[in-house]
Amino acid sequence: MPVSDAVLTQILQQLEALQVSQQALQAKLDNLGATPLEPTSPKPLTTTALPTSPSSTPAPAALSTSPPSSAPVPARVALASLTDKEREKLLYPGRVNLTTYPDQHGIAPVPLTWGAASPADRGPVVCSRLPGSIKARNALGAHAGSYSIYRALSIAMGALDPTHKPDYSQTEPPVDIPPQPSWSDPTKIVSFDPWGHLVPQVFKEAMDGGVDVRPSIAVTKAHLKMSELDDAERRGELVVDGSIVLRSPVPRKVDGTENLEAHRGVEVNVSKAAIDPVWYLPGVAERFGISESLLRRALFEDTGGMYPELITRPDIKVFLPPIGGCTIYIFGPPAYLSDPSKELTVRVHDECNGSDVFGSDICTCKPYLTYAIEECIRGAQGGGVGLVAYFRKEGRALGEVTKHAEVAIRVGFDMSDGSTGTLRLAVGAFVFIAAALGISCTKLLPMYLVYNLRKRGGDSADKYFKSTELIAGVKDMRFQALMPDVLHWLGIQKIDKMVSMSDMKYDAIVNSGIPIHTRYDIPEHLIPPDSRVEIDAKIAAGYFSSGKQVTEADLVKTVGRTWEETEH
């Protein structure tokens with residue numbers, strides 16, 4: 001029997017009425033569960049303000065559906081003095097919200113158009129899960145990357161008010177890094193927010209309106225002090241000019257008096273910026289030649305399901321990953337970086353704590369870095385500008401635990417404990433990129449066994465990469481596709497001198513549209529004896545070398561020290 005139009009209309013009206021009723025009920029439940037902490041002025045770490053009523057600032061309702069506690073909440077409570085249960089109930093009065101959905105009641109992300117011409121058109125990045133922001137978020141993840149874990153601990157212990165509003169007055173950059181054409185090109189910068197250092201200025205109206213927006217870049221000035229630069233000045237390789245290279249203050253003795261006989265050394269004037277990652281997921285996926293859906297799935301699966309909204313919120317296109325920061329050091333006037341008439345010297349360096357900080361001789365990282373800094377200084381003193389971009393990609397992006405374990409093995413410690421849970425923290429955010437690209441990482445976790453294998457099986461250059469792949473399934477996970485973003489952020493149009501042998505870095509920069517005129521490899525006299533295995537293997541694999549050329553047949557002749565040959 002056919003259904004009349006009148007009957008269909010009646011059914012549709014009833015469904016619409018039911019939907020409205022459900023939305024109203026959800027809104028009431030949301031409001032019952034919303035007991036947000038009220039933003040307060042900074043206080044000593046032992047106390048935190050808690051309101052007796054919700055904040056007066058209009059904001060979307062929280063997603064919690066649990067009713068508030070029947071006990072009255074005191075206006076001022078010392079969180080640190082409460083029991084864990086009491087503190088948890090005050091901090092998180094509602095049910096646990098594992099995820100949200102685009103069509104959920106009240107969901108209204110702050111508009112964000114990546115690559116828009118102005119900050120007003122682009123919109124701020126909002127990822128806060130506070131009750132006043134959780135439904136307005138337009139980004140996933142957490143501010144400050146891996147340091148958000150320490151923030152969580154501080155809140156849990158009652159040392160930090162989760163609604164503390166930072167006072168950004170007098171924090172504006174002392175160095176001008178102005179907008180560049182690349183800031184409004186959604187293909188040029190996809191791994192961080194180009195407006196991140198100007199957030200308190202360009203998004204002030206949104207912040208004053210109660211939106212939790214935070215800087216993701218900090219710009220400042222500093223003096224660089226390194227013993228290697230003191231030695232270079234002593235040898236006459238660096239000149240004190242009073243502008244870029246300064247004479248250090250007179251050192252003092254143990255008793256506090258000046259040591260007039262000691263070499264004073266030098267300090268270097270630099271401008272610097274620390275950059276937290278902010279990924280525009282469609283752009284990141286395009287860089288790696290994969291679909292956005294595959295990238296999201298890999299991010300979700302290979303971080304242990306840490307970010308379920310990567311799956312449930314396809315409408316949100318921005319993700320703040322817990323790893324992947326960068327610090328840049330500028331030698332000379334920052335304005336010269338975007339001036340094609342000025343000579344530019346660049347070193348893109350990937351973190352190596354064992355060498356950069358502790359001076360291990362297992363690789364060329366520290367001598368290459370210090371050599372590049374000297375070249376940047378000399379270039380700036382010659383009327384140009386220098387740039388060192390220091391990326392957090394420890395251990396070929398396999399993790400610092402992995403790298404430190406390699407150092408220990410180098411000096412003779414047999415590290416054989418293969419705890420999967422521990423090493424999973426070390427492999428970092430690039431595991432999911434490898435998975436998305438189809439690179440095998442099933443044997444990645446016991447990566448630190450590589451040096452055991454090398455020292456026991458013969459540490460020769462022909463086995464350098466093979467040993468890594470045998471254990472890890474991949475020889476390198478640094479994936480330089482995102483690296484050129486920082487160069488475009490600074491308005492760099494060409495690089496005159498590139499202090500790097502890496503073919504991956506060179507190809508990524510040139511393919512992004514920035515030509516490189518001259519490449520520098522590390523001078524022979526700066527190569528530590530036990531890192532010859534690494535250098536020769538890399539040259540044979542395609543790394544740049546202006547001098548020594550190495551073939552696959554030559555690699556067997558380059559052999560590193562064995563444990564028995566090293567004092568430990």
Side-chain angles (χ1 to χ4, degrees), residues 170-177 218-275 325-337 342-361 363-392 490 497 499-500 520 522-523 525-528:
Q170 301 188 53
T171 65
E172 59 272 10
V175 177
D176 188 26
I177 299 182
V219 181
T220 189
K221 294 181 178 180
H223 280 193
L224 193 63
K225 178 68 175 175
M226 298 173 63
S227 60
E228 289 83 2
L229 300 182
D230 292 342
D231 294 339
E233 185 272 331
R234 187 187 288 111
R235 294 191 302 265
E237 296 170 4
L238 285 182
V239 177
V240 177
D241 59 9
S243 175
I244 296 173
V245 180
L246 314 174
R247 181 66 67 187
S248 294
V250 177
R252 295 186 176 274
K253 300 178 182 179
V254 177
D255 62 4
T257 60
E258 293 184 340
N259 187 355
L260 300 177
E261 299 178 357
H263 179 67
R264 290 170 59 182
V266 296
E267 298 175 5
V268 182
N269 254 333
V270 297
S271 305
K272 60 184 295 188
I275 303 171
C326 172
T327 305
I328 63 168
Y329 298 82
I330 304 170
F331 303 81
Y336 285 7
L337 291 168
K342 303 298 183 181
E343 184 180 79
L344 172 60
T345 304
V346 171
R347 165 71 178 171
V348 175
H349 189 88
D350 292 330
E351 179 184 31
C352 177
N353 189 67
S355 178
D356 295 344
V357 178
F358 295 101
S360 171
D361 68 350
C363 60
T364 60
C365 294
K366 184 172 187 176
Y368 213 170
L369 175 61
T370 55
Y371 170 67
I373 290 173
E374 292 175 26
E375 285 295 296
C376 287
I377 293 170
R378 286 188 279 267
Q381 289 179 325
V385 62
L387 172 70
V388 171
Y390 194 90
F391 283 86
R392 298 301 190 272
L490 296 168
K497 299 177 180 179
V499 190
S500 173
Y520 281 43
I522 185 171
H525 70 278
L526 295 180
I527 300 175

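The analysis underlying the following values was restricted to heavy atoms, covering all of them including side chains, and did not include hydrogens, waters or symmetry mates.
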Enquirer: What distance do R378 atom CZ and T345 atom OG1 have between them, rounded to the nearest 0.5 Å?
Expert: 9.5 Å
Enquirer: What distance separates C326 SG from I275 CD1, expressed to the nearest 0.5 Å?
Expert: 5.0 Å
Enquirer: Give the ring-plane orientation class for Y390 versus H349, where under 30° counts as parallel, over 60° as perpendicular and anything between as tilted.
Expert: parallel
Enquirer: What pair of heavy atoms forms the shortest contact from V250 to N259, and how long is it?
Expert: CG1-O, 3.7 Å
Enquirer: So which heavy atom on V388 is nearest to which on C376, and how close?
Expert: CG2-SG, 4.0 Å
Enquirer: If you take all heavy atoms of P251 and R264, which pair is closest and at what distance?
Expert: CD-CG, 4.0 Å
Enquirer: Looking at every non-hydrogen atom in both residues, tell me the closest pair between F331 and I377 and how far apart they are.
Expert: CD2-CG1, 3.8 Å
Enquirer: To the closest 0.5 Å, what do you measure between CG (L344) and CG (L337)?
Expert: 6.0 Å
Enquirer: Determine, for R347 against E375, whether the closest basic-nitrogen to carboxylate-oxygen distance falls under 4.0 angstrom.
Expert: no
Enquirer: Please evaluate residues V239 and V245 with respect to the criterion side chain to side chain contact (heavy atoms under 4.5 Å, CB included), reporting the C-alpha separation (whole Å), side-chain torsions for both, the decisive distance (0.1 Å), and the verdict.
Expert: CA-CA 7 Å; V239 177; V245 180; over 6 Å; no
Enquirer: Could you please spell out the steps behind the side chain to side chain contact (heavy atoms under 4.5 Å, CB included) verdict for T327 and R392?
Expert: CA-CA 8 Å; T327 305; R392 298 301 190 272; 3.6 Å; yes
Enquirer: Any sub-3.5 Å donor-acceptor pair from K225's side-chain atoms to V266's backbone N or O?
Expert: yes
Enquirer: Kindly determine whether V348 and F391 satisfy side chain to side chain contact (heavy atoms under 4.5 Å, CB included), including the steps that lead there.
Expert: CA-CA 8 Å; V348 175; F391 283 86; 3.8 Å; yes
Enquirer: Side chains of S243 and D241: is there a donor and an acceptor less than 3.5 Å apart?
Expert: no
Enquirer: In the structure I gave you, are the side-chain heavy atoms of I328 and I330 within less than 4.5 Å of one another anywhere?
Expert: yes
Enquirer: Side-chain contact, heavy-atom cut-off 4.5 Å: I373 with L224?
Expert: yes
Enquirer: How far does CG of L369 sit from CD1 of I522, to the nearest 0.5 angstrom?
Expert: 10.0 Å
Enquirer: So which atom in E374 and which in E228 form the shortest heavy-atom distance, rounded to 0.1 Å?
Expert: OE2-O, 4.2 Å
Enquirer: For a quick test of reading the model, state the closest non-hydrogen atom pair linking G332 to I244 and the distance between them.
Expert: CA-CD1, 4.5 Å
Enquirer: Got a second to check how far L246's CG is from H223's NE2, nearest 0.5 Å?
Expert: 5.0 Å
Enquirer: Evaluate V499 against Y368 for side chain to side chain contact (heavy atoms under 4.5 Å, CB included), listing each step before the verdict.
Expert: CA-CA 8 Å; V499 190; Y368 213 170; 3.6 Å; yes
